[in-house]
Amino acid sequence: MRRMVRETRLTPDALIYPVFVQPGRGVRMPIASMPGCFRWSVDCLKDEISEVVALGVPAIMLFGIPERKDERGSGADDPDGIVQQAMRAVKQWFPELLVIGDVCLCEYTSHGHCGVLRGDDVDNDATLERLASTAVSQAQAGADVIAPSDMMDGRVRAIRWALDAAGHSEVPIMSYAAKYASAFYGPFREAAESTPRFGDRRSYQMDTANVREAMREMALDADEGADILMVKPALAYLDVLRSARARFDLPLAAYNVSGEYAMVKAASAMGWLDERRTVLEIATSICRAGADMILTYHAKDLAAWLKADVPASERT
Ligand code: PBG
C-alpha cells in the first residue's frame, strides 16, 4: 500500500554527476573535503565515466582546473582547454551520455572571480563576451548542454546569440538562475582552486534571505532563452524550488552542492548518520520540492541504491 500511494518517485533518470578534470597523465587525485570524489586527468577518465553510464546515470557536468590561471581566464575558452579535451574524449567514448559544460571563469582566473575585473570589481558586461566564447568552444568540443554558473546579468542572452551564430542553435542552456552566495560551496572551491583571492561573490550571487529576487532572476533567464532553470544550493533552498515549480513551466534542476555532500559524508563517517537513508531522503525531498533533475556528487551511489531493489519503505 505504501508503495502504491507514494507521491514522489526518484529514479536515476533525474541524476547528473559532476566530474572534475585537470591536466596531466595518470591523475586520480582525491578531494579531501569530498570523500569519494576525485580530480581526473583525461587519460584516467574512461573507467569512471563507464561506471556512471553502467549505473544508468544519464548525464555528467564537467568542471575543469586548468594548467595556468590568468586575469581573463584564458583557459576557459581555449579550444584545446582541459574541459574541451575531456568533452571530446567522453563524447567519443560514450556518445549516448549527456555531457553538460559548466560555463564560468572562476576556475580559470588568477583572482578567482567569476568574471573579468575592472579595478577591484567584476565587470559584468565585459564578462559576457568571455562567457559566450567559452560556451561556443564547449559546444564545438561536443557539449550537449551549456550551463552558465557565473551569475552575470544578461549572460543567457549573450550565450544564446553566440551559440546560434556559431551554428549551435540546437544546444540548450541550463541556467544557474537562482544561485545564492552560499557557504556550502566551500569544498568545491578547494577542489577547483577557485576561492576568490579578495572580496567575495556577493556582488553577483544572491542573498540567502531572498526568494522574490530568485523568481525575478529565473524569469529574466527564461526570457533570455534558458531551457532549464536551476536553483543552487538545493537543501537550504527547497522553498525556492517549490515557488519556482509553481511559477515556471520549464524543467527545473537543483544543485545538491559540495557542502551538502560533505556534511553527509562527514557525519556518516563518524557513524552519526545512516548514509544511504540520509542521501535517499535528501534526494527525494529535492524532487518533492519540485526538481526534475538533481546535480549531486551522490549520483553514482544513489543510482546503485535505487537499482538495488531497496524496499520502498526503506527509501526515505
Ligand atoms: C562556479 C561554480 C561553483 C559551484 C559550481 N560552479 C562555485 C562558486 O560559485 O563559488 C559550486 C558547486 C558546489 O559547491 O558543489 N561558479
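As the structure lists them, so they are numbered: ligands from 1, and atoms in each ligand from 1.
- Inspection of the D70 and Y108 side chains reveals no N or O donor paired with an N or O acceptor under 3.5 Å.
- Between the Y261 side chain and the P35 main chain, a donor and an acceptor come within less than 3.5 Å of each other.
- F63 pairs in a ring pair (Phe, Tyr, Trp, His ring centres under 6.0 Å) with only one of the listed residues (W40, Y17, Y297, F188), which is F188.
- With respect to E51 and K300, a salt bridge is recorded, a charged nitrogen being found less than 4.0 Å from a carboxylate O.
- Considering I173, D153, V156 in turn, V156 is the only one that fulfils the side-chain contact (heavy atoms from CB on, under 4.5 Å) rule with D221.
- The cationic atom of R28 (NZ for Lys, CZ for Arg) lies less than 6.0 Å from the six-membered ring centre of F38 and within 45° of the ring axis.
- Protein residues with a heavy atom closer than 4.0 Å to ligand 1 are F63, D102, C104, C106, C114, S149, K179, F184, Y185, F188, R189, R201, Q205, K232, Y255, V257, S258, Y297, listed by chain and number.
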